[in-house]
Amino acid sequence: MIRLILADDEPIIIKGLRKLMDWESFGMEIVGHAYDGNELMQLIEDLNPDLVISDISMPHRSGIEIIKEIKQRGLPVKVIFISAYQEFSYARDAVAFGAVDYLVKPVVKQQLESVLGKAISLITEHNEEQKRKGKLQLLERKSRHEEMQDALIQLTDGNLSPNTKSFQETDTQLQGPRYSVMIVEVERLKEETARWTEKEKKLIEFAIGNMLQEVITDTGIGYVFMKRDRHVCVLSHGEPEEPFMLAEDMQKKIETFLKLKVSASLSRPASGLMRLAVAYREAEQAMEMKYFVGLNRVLGFVPQGQQHPFDKELYEMQWEIIRGMTAKAWPEVQAALAGWLDTIKNETYGNRSLAVSTCFSSMSFIIQELSKSGVRLSERALDKRELQQLLASFETFDWMSTEIIGLFEKTYSEMDSDSGNKDKIVLAKIKQYIDEHYSEEITLESMASMAFMNPYYFSSFFKKHTKQNFKQYVTEVRMRHAADMLCLTDLMVYEIADKVGYNNARHFSDMFKKMYGKLPIEYRQDTKKTTE
């Protein structure tokens, strides 16, 4: 709608003009009326009308004075004057100063319609011209933005020479003397992003970009651009602490007005534009730290110390978890898991990909060894590809740790609910130990301790599952190994006796005969005859 003000020092004239026309049919809305020149000028300032229909002879200010001021101030207001017959020459002067036209009192409807048509054409033409100018300015700004963005991308990649025009124009825009790079990332929480459509994600990125533009580019502090789907800001500043203060302010504004949480990472101040590539890498490394310290923070770059090998320590912790899962109570397993995860976090601090890959390889080893021990694991636990994807999906190390402990707790509870499965694990562990340490002293008490049972209960437990007593089983294992040595080596009988845990060769021979019906030397001779 065209906004219209009516002005005359006679109220009856204004009332007549209101009734004379169906203003709405002309696409016009009367937004105000004035009874003298000063009041009219004030309304023009307050209401920003498109058109004024006014008596040319007004108290305090004449029509000529009003139209001169409109022209002087460059206001886009069209004016139609109404004049008495004796004011013709005065009215013609007003037209020379830019009035659309003038009408003689009393105003005739047909003449007013004709003049209004002329005014509408002029207003429409002006509006179209403003739109064209606006589009051109928008295109120019867009072109300058794209050129600036391209230059800053090249600078942060280290690919822009100081001899180029782009570098010189960027240097003019960003005065320094210090430059910092800030990266801004919206926190993409899994439970939220799962609900966001692609359109919503783009709107969020657009809203954040607009706010950064207002806070940084429009105020001349720096420049904002997109790089690898991230909002990147190159800040031009004096004092070293200014970027951190700006980042905190920006973070609060985004949370207040957009209801979004973001993390911002900052490089150290650089002394020149040619150092922006280093500064960008520092900002990227600083952003990695949110994985370890938490989300919705302002993160400054801190040089990382040299990482040291911790393979041996990790290996021992893995076995502690495996032993705990097969024989101990959950609180002890949980403590072992917490210590293991803390060690990985501390040793990979600042390197997210290393933290994830270390957890993955370590978990794969634990799962593999548990499976060997007879633990029945779910297909999901055995799916390495799914495990790798799961570990890489967490926004922070602490979230990943919680999930890992939860997975182990679920496995442990399944083992605990399946007593037969757990008994098999304990028994397999005991048998494995006997098979590997048969040459050493093995007692019922030591094995009961390993199984976290008292000797009496362990003896009953062992016989229940093997159908033979513990001492008999140990003797059979030793005799089988002795028989292999008699067949495959030239060791003396007393040497073999020592190797299978007997310091008395005669006692060994008696036990061997009891099992195989022959003395060791006879067993060797008969075996050789059979193979010849």
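All values below come from the heavy atoms of this structure, side chains included, with hydrogens, waters and symmetry mates left out.
Note that OG1 of Thr170 and CD of Gln154 are 9.0 Å apart. Values are rounded to the nearest 0.5 Å. Note: Phe462 CZ to Asn469 CG = 8.5 Å, rounded to the nearest 0.5 Å. Here the straight-line distance linking atom CG of Leu486 with atom CG of Leu491 works out to 9.0 Å at 0.5 Å rounding. Separation of atoms CE (Met274) and CG (Leu160) is listed at 7.5 Å; rounding is to 0.5 Å. We find the CZ-CG distance between Phe244 and Leu299 to be 8.5 Å, quoted to the nearest 0.5 Å. Considering OG1 of Thr256 and NZ of Lys253, their distance stands at 9.5 Å, rounded to 0.5 Å.
In this structure, the side chain of Ser236 engages the main chain of Gly176 through a donor-acceptor pair within 3.5 Å. At distances below 3.5 Å, at least one donor-acceptor pair connects side-chain atoms of Arg297 with backbone N or O atoms of Val293. Arg275 places no side-chain N or O within 3.5 Å of a backbone atom of Ala270 that could act as its donor or acceptor partner. Using a distance-only test at 3.5 Å, with no hydrogens or angles considered, a donor-acceptor pair links the side chain of Glu200 to the main chain of Thr197.
Considering every non-hydrogen atom in both Lys499 and Ser439, the closest pair reads O-CB, 2.9 Å. Minimum heavy-atom separation, Trp330 to Tyr412: N-OH, 3.4 Å. In terms of heavy-atom proximity, Arg3 sits nearest to Asn48 at NE-O, 3.6 Å. Of all heavy-atom pairs spanning Met250 and Val262, the tightest one is SD-CG2, 4.4 Å.
Cys487 is not listed as a side-chain neighbour of Arg524, based on a closest heavy-atom distance of 4.5 Å or more.
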Table please: side-chain donor-acceptor pairs of residues 352-365 below 3.5 Å, with sequence neighbours left out.
unit_1 : atom_1 : unit_2 : atom_2 : d
Arg352 : NH2    : Phe394 : O      : 2.7
Ser353 : OG     : Asn351 : OD1    : 3.0
Ser357 : OG     : Ser353 : O      : 3.1
Ser357 : OG     : Leu354 : O      : 3.0
Thr358 : OG1    : Leu354 : O      : 2.7
Ser361 : OG     : Ser357 : O      : 3.2
Ser361 : OG     : Thr358 : O      : 3.1
Ser362 : OG     : Gln318 : OE1    : 2.5
Ser362 : OG     : Trp340 : NE1    : 2.8
Ser364 : OG     : Phe360 : O      : 2.8

Quick one: side chains of residues 211-218, donor-acceptor pairs under 3.5 Å with protein atoms, not counting sequence neighbours, listed by atom name and distance.
unit_1 : atom_1 : unit_2 : atom_2 : d
Thr217 : OG1    : Val224 : N      : 3.3

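Ring-plane geometry between Phe458 and Phe470 is classed as perpendicular, the angle between the planes exceeding 60 degrees on a 0 to 90 degree scale with a lower cut at 30. Ring geometry for Phe397 versus Tyr291: interplanar angle over 60°, hence perpendicular rather than tilted (30 to 60°).
Note: Tyr516 and Phe512 meet the aromatic proximity criterion, with ring centroids under 6.0 Å apart.
For residues 258-274, every residue pair satisfying the side-chain hydrogen bond (donor to acceptor under 3.5 Å, both in side chains) rule, not counting sequence neighbours, is listed here: Glu187-Ser263, Glu255-Lys261, Arg268-Glu282.
Glu128 meets the side-chain hydrogen bond (donor to acceptor under 3.5 Å, both in side chains) test with no other residue; sequence neighbours excluded. In terms of the side-chain hydrogen bond (donor to acceptor under 3.5 Å, both in side chains) criterion, Asn127 has no residue partners (sequence neighbours excluded). In this view, Asn454 and Tyr456, Tyr457 satisfy the side chain to side chain contact (heavy atoms under 4.5 Å, CB included) rule, not counting sequence neighbours.
Checked by atom type, the side-chain pair Glu169/Gln173 shows no donor-acceptor distance below 3.5 Å. Checked by atom type, the side-chain pair Lys290/Thr396 shows no donor-acceptor distance below 3.5 Å. Under the 3.5 Å distance criterion, with hydrogens and angles disregarded, no donor-acceptor pair is assigned to the side chains of Ser449 and Ser446. Side-chain contact check for Glu185 and His231: no donor-acceptor pair (N or O, by modelled atom type) lies under 3.5 Å.
Other residues, nucleotides and ligands contribute over 12 non-hydrogen atoms within 6.0 Å of the NZ atom of Lys345.
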